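So the structure is just underneath, and the comments pick up after that.
Given the structure is predicted, the values throughout are model-derived calculations rather than measurements. These numbers come from the heavy atoms of this one structure, side chains and all, not from hydrogens, waters or symmetry mates.
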Amino acid sequence: MIKIGNFQKLLLQSYLSLTLFSILLMLFTTGVQSQDVKVAAVVTPRHIQFNEKATLELTISGNAQMKHIGSPTFNFLPDFLAVPLHSKTTPRLIDDKIAVTMAWAYELIPQKIGEIVLSDVQFSYQGVPYLANPGKIIVAAVDTYVNNTTGGIHKVQIKVSNPKPYLNEAIEYRFRYLYTTVLPSLEPLIPSLPEFTNFLVEELPNEKGVTVQIQGKKFQVQEYVRRLYPQKTGQILIQPAQLKLPIKGNPKTLKTKSVPLNVQPLPEVGKPANFTGAVGKYSITTQVDRRKLEVRQALTLSLQITGSGNVKTVTPPKIPAIKGFRINSQNLANTTNSNTNVYTYALTPLKAGILQIPAIEYVFFNPTNGTYQTTQTTPIPITVLPNANDMVESESDFPSWILWLLLLIPIFLGVGGYLLYRAKFKSDSESTTPDTPMTPAAKAFSALNAIDSDLTDANSSAFGEALTRSLHQYLCERQDIPYRQLNPAEVQEICTQVGVSTPILKELIDILTKCDHYRFAPIPFSVDEQKSLISRAETVIQHIEKTNAV
């Protein structure tokens with residue numbers, strides 16, 4: 001017989017043994033399960049640009065039934081902002097038991113550029129923590145692409161020669177494509193350059209074959225160059241340029257930074273009165289096709305302006321009145337040099353002797369030292385001989401005026417007799433009142449109306465020629481002189497004789513200057529601009545007529 005006390009002791013020992021076995025069994029099972037649990041953290045792709053996103057995929061799985069799985073925890077800030085995309089549970093049948101695989105996906109948005117090592121991701125299964133490390137990500141700037149397979153680097157850059165130019169000063173804009181390896185593509189790489197609003201643009205030849213060293217790596221360089229001339233002052237922002245890389249399956253677009261410019265106005269202090277807007281550095285020369293000729297035989301004066309600025313916007317200097325010469329029309333000669341303008345003038349000597357073409361000044365603003373400078377030509381002496389067709393003066397002692405008188409007497413008698421005959425024999429009834437001739441102003445208004453009716457956007461050169469001709473013809477007829485092309489000095493002299501006020505004279509000179517700009521402008525002008533100039537010309541003629549009537 002077993003004693004109750006011994007039975008209780010035996011029962012207690014059995015209970016303790018069973019409890020210890022259960023604990024050991026549970027620990028053994030947990031250890032096995034923990035060994036069967038697998039966690040993973042994978043980032044794709046590992047090379048991205050700052051304007052791209054990466055994907056983080058997290059999974060936890062095992063060969064046994066998975067229960068009590070917690071969401072993974074991590075914090076990649078301040079390097080990345082993580083946005084949940086989705087989660088997925090996948091059941092599986094293992095050894096007649098259902099096992100579960102959990103997966104989570106996140107979008108990683110980069111917050112800085114560089115090689116970034118990510119921190120561990122923590123999983124939780126039945127209260128037991130598990131860690132997985134996703135490794136590192138290389139975040140490149142939007143202007144850089146790194147090929148994961150080849151390690152090739154592709155970059156784009158923008159360089160501007162001067163971020164603080166003056167108005168109409170030439171600056172160089174260079175788009176640079178730098179690469180360490182050539183892309184396996186037959187497509188040409190052509191950048192998308194911004195629209196250069198508020199600039200005159202000159203396209204320069206592209207540059208290839210240059211190599212540079214950047215942080216120990218050798219880059220090939222391909223450049224696209226534009227010469228820009230800012231046409232307004234103040235802050236101008238040149239938008240980014242782009243280059244599309246035709247990478248198979250995953251094309252990349254590289255993007256440069258925007259370029260801010262601060263365009264300075266030309267200084268008013270020290271600006272000469274004859275400054276016409278040329279910015280850069282210029283020289284001026286003149287030459288003639290001959291230095292010896294006869295009276296009333298024309299010579300050609302060529303005026304050449306060469307410089308480093310925007311020659312297309314250069315206007316010729318005002319040619320001063322040259323004593324003893326008549327200055328005919330100005331023409332812009334063709335030249336193969338993009339940095340040179342050549343203007344030609346026909347000069348006709350009006351008297352014999354040693355005449356001189358004086359020095360001609362040209363004023364420009366030099367942005368290098370921020371000052372206005374004047375360059376001038378060298379005076380040219382011209383030998384003018386009497387015209388061989390002129391009547392040679394008689395060397396006899398008989399006075400020449402008597403010979404002229406003897407020649408004119410028969411002419412006067414003939415003309416007088418004819419007039420007497422008409423007065424005596426022509427009846428009053430048959431006489432007719434001659435038509436009143438048109439005044440110079442009426443002719444000018446008629447010519448301006450004809451110009452206005454033929455306006456087009458594309459024919460600015462013909463418009464400038466026609467408007468200049470009508471104004472010059474009006475001024476010549478006002479003074480009863482034969483029509484000819486007038487220079488600014490002659491225009492001023494005629495207006496002074498007529499009694500034109502200084503504001504009206506300045507307005508007339510400005511109109512004629514704009515006409516010259518129309519005649520040699522590189523681009524057409526609108527019909528509205530041409531109509532405005534015609535209206536201004538009509539107003540000037542009306543003021544001159546009122547002045548003369550007073």
Side-chain angles (χ1 to χ4, degrees), residues 274 276 278 282-307 311 314-337 339-364 374-401 403-404 407 465 468-469 472-473 475-476 479-494 512-513 515-516 519-520:
N274 56 344
T276 58
Y282 297 89
S283 63
I284 183 172
T285 58
T286 54
Q287 62 180 12
V288 292
D289 60 342
R290 49 182 170 167
R291 292 174 178 261
K292 188 175 182 180
L293 71 165
E294 296 179 353
V295 174
R296 295 192 300 279
Q297 289 183 350
L299 62 83
T300 299
L301 171 68
S302 298
L303 187 150
Q304 177 175 295
I305 301 175
T306 302
V311 177
V314 164
T315 56
K318 296 179 179 179
I319 304 296
I322 304 177
K323 188 176 181 180
F325 284 94
R326 182 176 71 245
I327 304 176
N328 295 331
S329 59
Q330 164 199 289
N331 294 295
L332 177 62
N334 293 328
T335 175
T336 57
N337 189 342
N339 294 328
T340 300
N341 275 359
V342 178
Y343 303 91
T344 60
Y345 304 81
L347 304 184
T348 303
L350 304 177
K351 65 179 182 179
I354 304 299
L355 306 182
Q356 181 172 271
I357 299 175
I360 300 173
E361 292 186 345
Y362 190 69
V363 180
F364 60 91
T374 301
T375 180
Q376 64 180 14
T377 63
T378 303
I380 302 175
I382 303 295
T383 301
V384 182
L385 304 175
N387 195 301
N389 296 326
D390 290 344
M391 180 179 292
V392 179
E393 295 184 357
S394 173
E395 295 181 358
S396 64
D397 294 334
F398 195 75
S400 60
W401 65 271
L403 292 176
W404 282 106
L407 291 173
E465 291 281 357
T468 299
R469 188 187 312 110
H472 284 181
Q473 185 168 0
L475 294 175
C476 290
Q479 293 302 98
D480 292 327
I481 60 176
Y483 165 73
R484 68 172 186 271
Q485 288 283 340
L486 303 175
N487 59 41
E490 291 174 324
V491 172
Q492 184 172 359
E493 182 181 355
I494 292 175
L512 292 173
T513 300
C515 284
D516 287 340
R519 293 161 65 190
F520 309 111

Inset, instruction - Could you tell me the separation between the CD1 atom of Ile481 and the CG atom of Leu486, rounded to the nearest 0.5 Å? - result: 6.0 Å
Inset, instruction - Name all residues meeting the salt bridge (Lys or Arg N to Asp or Glu O under 4.0 Å) criterion together with Arg469; count only those two or more places apart in sequence or in a different chain, and write none if there are none. - result: none
Legend entry - Closest approach of Gln485 to His472 (non-hydrogen atoms, all atoms of both residues): OE1-ND1, 3.1 Å
Inset, instruction - Scan for salt bridge (charged side-chain N to carboxylate O under 4.0 Å, His left out) pairs involving residues 340-363, sequence neighbours excluded, and state none if there are none. - result: none
Inset, instruction - Check the pair Leu299 / Phe325 against side-chain contact (heavy atoms from CB on, under 4.5 Å), numbers first and verdict last. - result: CA-CA 10 Å; Leu299 62 83; Phe325 284 94; 4.2 Å; yes
Legend entry - Considering all heavy atoms, the nearest Thr348-Arg296 contact: CG2-CA, 3.6 Å
Inset, instruction - Identify the heavy atoms of Val295 and Asn387 that sit nearest to each other, and give their distance. - result: O-ND2, 2.8 Å
Legend entry - Tyr343 vs Val314 side-chain heavy atoms within contact, under 4.5 Å: yes
Legend entry - Reported CD1-to-CG distance for the pair Ile380 and Leu355, which is rounded to 0.5 angstrom: 13.0 Å
Inset, instruction - Inspect the surroundings of CD in Gln492 and state if more than 12 heavy atoms from other residues, nucleotides or ligands are less than 6.0 Å away. - result: no
Inset, instruction - Identify the heavy atoms of Pro316 and Tyr345 that sit nearest to each other, and give their distance. - result: CB-OH, 3.8 Å
Legend entry - Residues in side-chain contact (heavy atoms from CB on, under 4.5 Å) contact with Gln297, at least two apart in sequence or another chain: Arg290, Leu293, Glu294
Legend entry - OG1 on Thr377 to CD1 on Ile305, rounded to 0.5 Å: 10.5 Å
Legend entry - Asn328 CG to Leu347 CG distance, which is reported to the nearest 0.5 Å: 7.5 Å
Inset, instruction - State whether the side chain of Asn487 and the backbone N or O of Ile319 hold a donor-acceptor pair below 3.5 Å, judged by distance alone. - result: no
Inset, instruction - Evaluate the criterion side-chain contact (heavy atoms from CB on, under 4.5 Å) for residue pair Thr315 and Thr513; output intermediate values, then yes/no. - result: CA-CA 9 Å; Thr315 56; Thr513 300; 5.9 Å; no
Legend entry - Lys292 NZ to Ile354 CD1 distance, which is reported to the nearest 0.5 Å: 9.0 Å
Legend entry - Rounded distance [0.5 Å steps], CG in Asn341 versus CD in Gln304: 9.5 Å
Legend entry - Thr344 and Ser302: side chain donor to acceptor below 3.5 Å: no
Inset, instruction - Of all the heavy-atom pairs spanning Ala278 and Val363, show the shortest one and how long it is. - result: CB-O, 4.3 Å
Inset, instruction - Test side-chain contact (heavy atoms from CB on, under 4.5 Å) on Ile382 and Val288 and set out the steps. - result: CA-CA 9 Å; Ile382 303 295; Val288 292; 4.2 Å; yes
Legend entry - Backbone of Tyr362 reached by a side-chain donor or acceptor of Thr375 within 3.5 Å: no
Legend entry - Shortest non-hydrogen separation from Pro320 to Pro358 and the atoms involved: CG-CG, 4.4 Å
Legend entry - Test item: Arg326 and Leu350 side chains (from C-beta on) under 4.5 Å apart, heavy atoms: yes
